[in-house]
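Following: one structure in structure tokens, then a few remarks.
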Amino acid sequence: MSARYVLRRKPVANRPTVLSNITPSPCMSAPSAELTEQEQRRREEREALEAKGVDPYPYAWDVDAHAQEIIDTFDDDKHQPDGDEEPPYVVSIAGRITSMRVMGKSAFFDVQDSTGTIQAYIRKNDLPDDLYDEVFTELLDIGDIVGLKGHVFRTRMGEVTVRAGDDFQLLAKSLKPLPVVKEREDEEGNVEVYNEVTDKEFRYRQRYVDLVVNPEVRDVFRKRSTLIRTMRDFLDDRGYLEVETPVLQPVYGGATARPFTTHHNALDMELFLRIADELYLKRLLVGGFDGVYEISKDFRNEGLSRFHNPEFTMMELYVAYKDYGWMMELTETLLGAIATALHDDPEFEWQEHAISLEPPFERVTFFDAIEEATGFDLYQADRDRVYDVAKNELQLDDIDGEMGLGKLLDKIFGETVEPSLIQPTFVIDYPVELSPLAKKHRAKEGLVERFELIIAGKEVANAFSELNDPQDQRERFEEQAAMRAAGDDEATPIDEDYLRAMEYGMPPAAGLGIGVDRLTMILTGQESIRDVILFPLLRPEQGAAAVEAGEETVENDKA
RNA sequence: AGGCCUGUAGCUCAACUGGUAGAGCAACGGACUCUUAAUCCGUGGGUUGGGGGUUCGAGUCCCCCCGGGCCUACCA
């Protein structure tokens with residue numbers, strides 16, 4: 001079969017005149033002593049391509065098939081070409097070259113697209129003129145993005161392969177060498193990986209490379225997307241309205257955390273990045289919506305850890321005329337649906353445990369959980385008793401005499417109960433001190449109607465019957481303000497506009513918050529939040545310019 | 001913020017108690033029309049994160065700085 005198409009050249013109008021010597025002079029490339037040998041080499045190749053009239057960055061390519069689909073649908077009986085017959089399975093694909101095996105006048109190379117990697121094959125006489133020798137083998141590299149069209153066949157070695165027999169085009173020249181990761185499969189099907197890119201810093205800073213060379217990373221982020229889409233569909237199906245509330249807020253609230261601050265120039269006003277969506281969403285219930293939700297970033301100016309990134313994704317839902325008991329049922333139904341969407345099964349592996357998100361989940365009260373874990377019944381115990389238990393009986397670290405009742409109970413719970421709850425468990429009925437926005441328990445003194453959902457030892461959801469009594473709310477705010485005055489910089493300030501809204505009347509309501517990042521961690525088996533956030537926050541990269549700028553800033557600050 | 005670990009070629013890693021910085025892959029030149037970690041022959045590639053110190057001599061020892069990881073603390 002003769003080649004009908006060529007390694008495409010640029011339109012004539014743009015084509016440079018013939019150069020007798022395509023070896024570029026140093027001045028043709030961006031001069032830089034910083035470039036590595038391989039980077040310099042690729043810039044020279046780019047110049048040489050242009051000199052030959054090959055556009056290193058053309059505009060489009062018609063893709064009609066993808067790697068995984070071709071491999072899945074290839075049928076030897078129907079598709080394997082047979083001598084003189086026209087090949088029955090012709091495809092046009094595009095992707096990145098991840099491996100090249102050139103053998104004289106023919107070559108195998110691997111092409112990775114969004115679905116996976118497929119082998120491609122090309123022969124010298126598939127390309128016109130000397131393009132095979134002078135361009136394909138000389139000027140193309142691992143990392144380049146190409147488009148190719150031709151028939152699919154199975155090689156003697158048994159691999160489904162696309163022959164670049166009908167068309168072949170460079171789509172983007174890669175100027176930085178891609179780490180080359182190789183795999184070998186033994187007879188038992190075990191895959192051994194060579195030169196795997198494992199350096200965490202490299203992977204987080206250059207996520208784009210991580211995604212190319214560690215394809216399982218793409219799968220994590222596809223699952224994350226599926227999780228959010230499932231959540232959104234679930235809420236939409238129930239008729240709740242997706243809304244957007246301010247990220248920039250003059251008064252922050254809705255959680256106990258320190259905010260980021262910023263400044264609006266024209267208004268000369270201090271603003272805070274939201275730490276929660278809660279107070280705005282509940283204003284919307286005042287406005288008459290029956291159910292509103294928001295899936296968005298919140299920002300907290302706290303430490304970083306493998307469970308904390310300064311910006312993180314939260315889903316918050318508020319539904320009028322419901323209480324926290326109803327919300328528990330919605331939550332377990334939602335999580336069951338998400339687990340099923342990700343794994344085709346509500347049950348999945350997490351470390352050495354099999355976790356099941358099949359409803360209903362276990363329920364235990366806050367104080368019963370503490371009593372089960374420690375043997376101490378602290379319900380209605382006073383502050384000094386709780387302090388004594390934490391400090392002397394349980395001998396917890398970092399207990400100081402300043403801590404209030406709420407913080408002490410939270411500490412005891414976090415140390416003794418939370419890590420042991422692997423299966424999904426609703427912990428219900430929290431002490432009022434920990435929950436300034438939750439409604440007092442209808443039957444139990446000193447408690448609020450609140451639940452947290454713990455899975456795999458971590459809190460993934462938090463919900464309550466929402467406090468809608470404006471007088472009670474004002475008192476709770478004032479308690480927070482007192483704590484704030486006493487030095488607790490996480491206590492929230494009074495939000496007068498929120499109180500004004502409450503005074504108009506908010507229907508009884510149930511509210512829910514789900515930490516999307518943590519839920520993703522659990523459902524994809526990742527141990528660090530940085531592995532479920534595409535671009536986690538890192539310190540700026542070290543470089544000459546960065547250092548100079550940094551020093552200058554320091555000097556300015558001193559001045 | 002504190003403790004422990006860590007940074008060597010584009011990638012993955014070596015380099016003994018201080019003694020000439022190496023290997024595989026990648027790159028470059030050559031051979032090869034069904035290979036697959038392709039193979040075979042040959043070649044180049046480094047401010048050992050940065051700065052200072054000890055020493056005849058520092059990747060290695062000491063100090064400071066920068067980045068990263070894990071644990072602890074706050075938080076979800």
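Because the structure is predicted, anything quoted here is derived from the model rather than measured.
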Practice prompt. Identify whether any heavy atom of A/Val181 sits under 4.0 Å from a base atom; if not, whether one sits that close to sugar-phosphate; answer base, sugar-phosphate or nothing.
Written response: nothing
Worksheet, complete the sentence: Residue pair A/Glu185/A/Pro310 against RNA chain B: nearer the 5' end by closest nucleotide is A/Glu185
Item to complete: Determine the interatomic distance between P on B/rG51 and the same-named atom on B/rG59; round to the nearest Å.
Response: 12 Å
Fill in: Euclidean distance for C1', B/rA26 against B/rG46 (whole angstrom)
16 Å
Worksheet item: Does B/rC4 have a Watson-Crick or wobble partner in any strand here, with both distances under 3.5 angstrom, and which is it?
Response: B/rG69
Practice prompt. Whole angstrom is fine here: how far is it from CG in A/Leu35 over to P in B/rG46?
Written response: 14 Å
Worksheet item: Is A/Glu183 touching bases, backbone alone, or none of the nucleic acid, heavy atoms closer than 4.0 Å?
Response: sugar-phosphate
Worksheet item: Do NZ/NE/NH1/NH2 and the carboxylate oxygens of A/Arg154 and A/Asp76 come within less than 4.0 Å?
Response: yes
Worksheet entry | Side-chain donor-acceptor pair present, A/Asp72, A/Gln68, cut-off under 3.5 Å | yes
Worksheet item: Looking at B/rA37, B/rU36, B/rC25, which one has an atom nearest to any side-chain atom of A/Tyr194?
Response: B/rA37
Worksheet item: Which whole number of Å gives the distance between the C1' atom of B/rC41 and that of B/rC66?
Response: 44 Å
Worksheet item: If you measure from the C1' atom in B/rG24 to the same atom in B/rU39, how many Å do you get, rounded?
Response: 15 Å
Discussion item. I want to verify a distance call: between B/rG29, B/rU12, B/rC34, whose nearest atom is closest to the A/Phe153 side chain?
Written reply: B/rC34
Item to complete: Indicate whether OP1 or OP2 belonging to B/rU36 is found under 4.0 Å from a side-chain N or O atom of A/Arg184.
Response: no
Practice prompt. Go through the N and O atoms of the side chain of A/Asn195 and the base of B/rG24, and report whether any donor-acceptor pair is under 3.5 Å.
Written response: yes
Practice prompt. Can you figure out which of B/rU36, B/rC34, B/rA38 approaches the side chain of A/Ser99 most closely?
Written response: B/rA38
Worksheet item: Within the structure, does a side-chain N or O atom of A/Arg539 lie under 4.0 Å from either OP1 or OP2 of B/rG67?
Response: yes
Practice prompt. Counting heavy atoms from C-beta on, name the nucleotide in B/rU36, B/rC74, B/rC28 closest to the side chain of A/Lys411.
Written response: B/rC74
Item to complete: Nearest whole angstrom, please: distance from the P of B/rU36 to the CD of A/Glu192.
Response: 16 Å
Practice prompt. If B/rG45 has a Watson-Crick or G-U wobble mate with both distances under 3.5 Å, name it; if not, just say none.
Written response: none
Item to complete: Have a look at A/Asp298 and say if it touches a base, only the backbone sugar-phosphate, or nothing, with a 4.0 Å heavy-atom cut-off.
Response: nothing
Fill in: Within 45° cone and under 6.0 Å: A/Arg450 NZ/CZ vs A/Tyr430 ring
yes
Worksheet item: B/rA31 C1' sits how many Å from A/Lys105 NZ, rounded?
Response: 10 Å
Worksheet item: Considering only side-chain heavy atoms of A/Thr198, which listed nucleotide, B/rC13, B/rA73, B/rU33, is closest?
Response: B/rC13
Practice prompt. Evaluate ring pair (Phe, Tyr, Trp, His ring centres under 6.0 Å) for A/Phe108 paired with A/Tyr121, printing each intermediate quantity in order.
Written response: CA-CA 5 Å; A/Phe108 287 93; A/Tyr121 180 59; 4.5 Å; yes
Item to complete: Pick base, sugar-phosphate or nothing for A/Gly515, based on heavy-atom distances below 4.0 Å to the nucleic acid.
Response: nothing
Worksheet item: What integer number of Å spans the C1' atoms of B/rU47 and B/rG52?
Response: 15 Å
Discussion item. Once you apply a heavy-atom cut-off of 4.0 Å, does A/Glu527 come out as touching a base, just sugar-phosphate, or nothing?
Written reply: nothing
Discussion item. Over all strands shown, is A/Asp410 touching base, sugar-phosphate only, or nothing at heavy-atom distances under 4.0 angstrom?
Written reply: nothing
Discussion item. Just to be sure I understand the rule, does A/Glu138 reach a base, reach only the sugar-phosphate, or reach nothing, if contact means heavy atoms closer than 4.0 Å?
Written reply: sugar-phosphate
Discussion item. Side chain of A/Val180 only, heavy atoms from C-beta on: which candidate in B/rU36, B/rA27, B/rC25 is closest?
Written reply: B/rC25
Response to the item:
Of B/rC70, B/rA73, B/rG10, the nucleotide closest to the side chain of A/Gln38 is B/rG10
Worksheet item: Quantified in whole Å, what is the P atom distance between nucleotide B/rG30 and nucleotide B/rU17?
Response: 45 Å
Worksheet item: Do the rings of A/Phe299 and A/Phe260 sit parallel, tilted or perpendicular, given the 30° and 60° boundaries?
Response: perpendicular
Item to complete: Determine: side-chain N/O of A/Arg41 to OP1/OP2 of B/rC28, distance under 4.0 Å, yes or no.
Response: yes
Worksheet item: Between B/rA37, B/rG68, B/rC70, which nucleotide has the shortest distance from any of its atoms to the side chain of A/Arg306?
Response: B/rC70
Worksheet item: Between A/Lys458 and A/Phe307, is NZ or CZ placed under 6.0 angstrom from the six-membered ring centre and within 45° of the ring axis?
Response: yes
Discussion item. Assuming nearest nucleotide by heavy-atom distance, tell me which of A/Met157 and A/Glu196 is located more 5' along RNA chain B.
Written reply: A/Glu196
Worksheet item: Below 4.0 angstrom from OP1 or OP2 of B/rA26, is there any side-chain N or O of A/Lys182?
Response: yes
Worksheet item: Considering only side-chain heavy atoms of A/Pro177, which listed nucleotide, B/rC25, B/rU36, B/rG10, is closest?
Response: B/rG10
Worksheet item: Mind checking the P distance from B/rG44 to B/rC62? Whole angstroms is fine.
Response: 36 Å
Discussion item. Using whole Å, what does the distance between atom C1' of nucleotide B/rC32 and atom CZ of A/Arg123 come to?
Written reply: 14 Å
Worksheet item: Does B/rA9 pair with anything, Watson-Crick or G-U wobble, both distances under 3.5 Å, and if so, with which nucleotide?
Response: none
Item to complete: Determine the Euclidean distance between corresponding P atoms of B/rG3 and B/rU8; express it in Å to zero decimal places.
Response: 24 Å
Discussion item. I want to verify a distance call: between B/rU35, B/rA27, B/rU33, whose nearest atom is closest to the A/Asn125 side chain?
Written reply: B/rU33
Worksheet item: What orientation do A/His79 and A/Phe74 show, parallel under 30°, tilted 30 to 60°, or perpendicular over 60°?
Response: tilted
